[in-house]
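Just so you know, residue 1 is the first one in the sequence shown, and it goes up from there.
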Amino acid sequence: MQGDLFGDAVSPLPVKPAELPADAASPADAPPAVRRGTGRVRPAPAGEDWRGLAQRLPRQLRFGVSTWSYPGWEGLVWDGEYDPGTLSKHGLEAYHRHPLLRTVCVDRTFWRPLTAGQYAAYAAQADEDFRFVVKCPASVTDAQVRGDEGKALKSNPDFLDPRLVVEHFVQPTLAGLGAKLGVLVFQLSPLPWGWLGRSGALLGGLGRMLAAVREALPADAPVIVAVEVRDPELLGRTLVDTLKAHGATFCLGLHGKMPPIEAQLPMLRALWPGPLVCRWNLNRIFGPYGYADAQKKHGPFNAIVSEDPHTRAVLARTIHGVTGAGQPAYVTVSNDAEGCAPLSIQKLALAVEAEQEASRRAKASP
């Protein structure tokens with residue numbers, strides 16, 4: 001079963017991590033190019049072309065983007081060009097009507113906690129089937145306090161604080177999103193050597209935080225708790241054991257700071273059976289610090305510019321295996337993965353359908 005899900009070429013997990021070393025129409029007299037300040041955003045009619053494919057995909061599979069305020073998605077997600085401010089505040093009302101987009105990753109929470117009211121405003125724009133993936137604030141998941149340019153200034157005294165994670169993150173998301181909350185993501189920012197060399201203290205602190213998160217969630221709430229890391233040294237059995245002990249899973253973080261997808265799949269194998277949470281963040285061709293270069297190359301984010309067929313193929317097989325076994329899958333994609341997140345999702349959805357068809361043919365063969 002696990003070989004079918006994650007591939008036979010996957011290397012085993014190390015015993016422990018190494019010790020050292022991110023419908024109302026606009027007014028008729030509005031300018032056709034940019035509809036500013038209307039308070040409403042309409043979906044692109046072309047999105048309906050994908051409804052048939054969406055209906056053939058597993059219901060437990062949810063695709064979405066990371067952040068949605070991009071005017072370049074005109075004709076793909078929006079019916080015209082809107083300014084980023086309007087899309088940020090009101091775009092979800094149109095976004096969630098695209099049949100392939102059944103979740104979204106709220107990234108802005110990583111930089112500053114949101115209130116229950118702000119979450120509720122997002123939830124009000126989506127229907128009852130929609131689910132949100134939300135990132136925990138870096139004020140809890142970053143071991144360092146950073147300046148505006150991302151440079152570490154000092155150690156973070158609130159790193160992995162169980163009380164703050166509940167008060168500033170779990171409680172507001174539950175209160176604001178309610179049943180539309182799908183995944184809580186805890187992205188551990190790149191760690192200083194002092195923490196990487198003390199894996200016992202690190203994973204002990206992570207375990208205490210996850211225990212507080214689990215206790216704060218209602219027992220019957222189908223909310224997935226996922227941990228994403230940006231240090232390959234943490235990929236190992238001790239992290240798996242910590243996640244298992246607290247009902248959490250590993251988030252596949254497809255990013256230049258991390259190994260390629262096939263090198264991360266042993267984590268899912270070790271946690272099986274369980275859900276898939278994947279964030280396809282940054283094409284590896286840009287390297288670990290390549291966000292600025294990716295943004296420059298990919299803007300205005302309306303075309304596939306840096307295609308990554310290998311990652312897409314492995315991810316599609318993984319999605320098919322996980323959902324085929326009845327487990328949920330949340331996959332969110334950034335523009336920096338290939339240049340245009342909605343188009344990447346369309347290609348990924350087609351690849352999943354192809355996996356389904358190949359599986360059916362294989363079962364029908366004598």
Side-chain angles (χ1 to χ4, degrees), residues 5-14 17-18 21-22 63-67 70 72 105 107 110 133 135 142 150 185 187-191 196 226-236 239 249-269 276-322 329-352 355:
L5 287 175
F6 307 120
D8 295 326
V10 172
S11 59
L13 283 170
F63 287 124
V65 305
S66 294
T67 308
Y70 296 101
C105 184
D107 276 349
F110 186 69
V133 176
K135 287 175 65 176
D142 194 337
V185 172
Q187 176 196 306
L188 301 186
S189 298
L191 293 160
L196 288 176
V227 174
E228 179 181 352
V229 301
R230 291 287 170 87
D231 293 289
E233 295 90 342
L234 297 178
L235 300 181
L239 177 57
T249 193
F250 175 72
C251 175
L252 286 179
L254 307 185
H255 185 284
K257 289 184 182 294
M258 294 296 291
I261 181 172
E262 56 267 33
Q264 297 186 48
L265 290 178
M267 296 292 291
L268 297 189
R269 183 195 294 271
L276 169 65
V277 178
C278 175
R279 299 201 320 122
W280 191 0
N281 296 300
L282 177 66
N283 195 309
R284 292 178 57 78
I285 64 173
F286 295 101
Y289 304 100
Y291 269 123
D293 291 339
Q295 293 272 304
K296 183 177 180 180
K297 181 177 180 179
H298 293 155
F301 313 111
N302 60 0
I304 298 292
V305 178
S306 307
E307 190 161 13
D308 187 353
H310 172 74
T311 296
R312 184 192 309 137
V314 177
L315 182 53
R317 288 197 297 271
T318 304
I319 291 169
H320 172 64
V322 170
Y330 283 79
V331 179
T332 61
V333 183
S334 166
N335 282 329
D336 294 316
E338 296 185 297
C340 177
L343 291 180
S344 291
I345 289 170
Q346 290 174 8
K347 286 178 174 287
L348 188 53
L350 289 169
V352 172
E355 290 291 331

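Annotation for Gly64 and Ile345: closest pair O-CD1, 3.3 Å, computed over non-hydrogen atoms. When all heavy atoms of Thr332 and Ser66 are compared, the pair lying nearest together is OG1-OG, 3.9 Å. In terms of heavy atoms, Lys135 sits closest to Asp107 at CD-OD1, 3.1 Å. Here the shortest heavy-atom pairing between His255 and Asn281 reads CD2-CB, 4.1 Å. Minimum heavy-atom separation, Asn283 to Ala337: ND2-O, 2.9 Å. Of all non-hydrogen atoms in Ala294 and Leu282, the two that sit nearest each other are CB-CD1, 3.7 Å.
Going from atom OG1 of Thr67 over to atom CG of Asn335 covers 9.0 Å, rounded to the nearest 0.5 Å. The OG1 atom of Thr318 lies 7.0 Å from the CG atom of Leu252; values are rounded to the nearest 0.5 Å. In this structure, Leu191 CG and Asp142 CG are separated by 8.0 Å, a value rounded to the nearest 0.5 Å. Here the CZ-CG distance, from Phe301 to Leu343, works out to 13.0 Å after rounding to the nearest 0.5 Å. Distance NZ/Lys347 to SG/Cys340: 11.0 Å, rounded to 0.5 Å.
Between Val314 and Leu265 there is a side-chain heavy-atom pair separated by less than 4.5 Å. Counting heavy atoms from C-beta outward, Cys278 and Leu315 have side chains that approach closer than 4.5 Å. Using a 4.5 Å heavy-atom cutoff, the side chains of Met258 and Val229 are in contact. Two residues are said to be in side-chain contact when any heavy atoms from C-beta on lie closer than 4.5 Å; Tyr289 and Lys257 meet this criterion. When side chains are defined from C-beta on, Ile261 does not count as touching Trp280, because their heavy atoms never get closer than 4.5 Å. The side-chain heavy atoms of Val352 and Phe63, taken from C-beta on, include a pair separated by under 4.5 Å.
Considering Glu228, Met267, Gln187, Gln264 as possible partners of Cys251, the one that fulfils the side chain to side chain contact (heavy atoms under 4.5 Å, CB included) test is Glu228.
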(request) Please step through side-chain contact (heavy atoms from CB on, under 4.5 Å) for the pair Leu348 and Ile319, ending with a clear verdict. (result) CA-CA 10 Å; Leu348 188 53; Ile319 291 169; 4.3 Å; yes
(message) As a quick check of understanding, evaluate side-chain contact (heavy atoms from CB on, under 4.5 Å) for Val185 and Cys105, giving each step before the final call.
(response) CA-CA 9 Å; Val185 172; Cys105 184; 5.8 Å; no
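In this structure a side-chain-to-backbone donor-acceptor pair under 3.5 Å is missing from Asp231 to Glu233.
Using modelled atom types and a 3.5 Å distance limit, the side chains of Asp336 and Gln295 yield a donor-acceptor pair.
Aromatic pair Tyr70/His298: centroids not less than 6.0 angstrom apart.
Checked for salt-bridge contact, Glu307 and Arg312 meet the test: a charged N lies under 4.0 Å from a carboxylate O.
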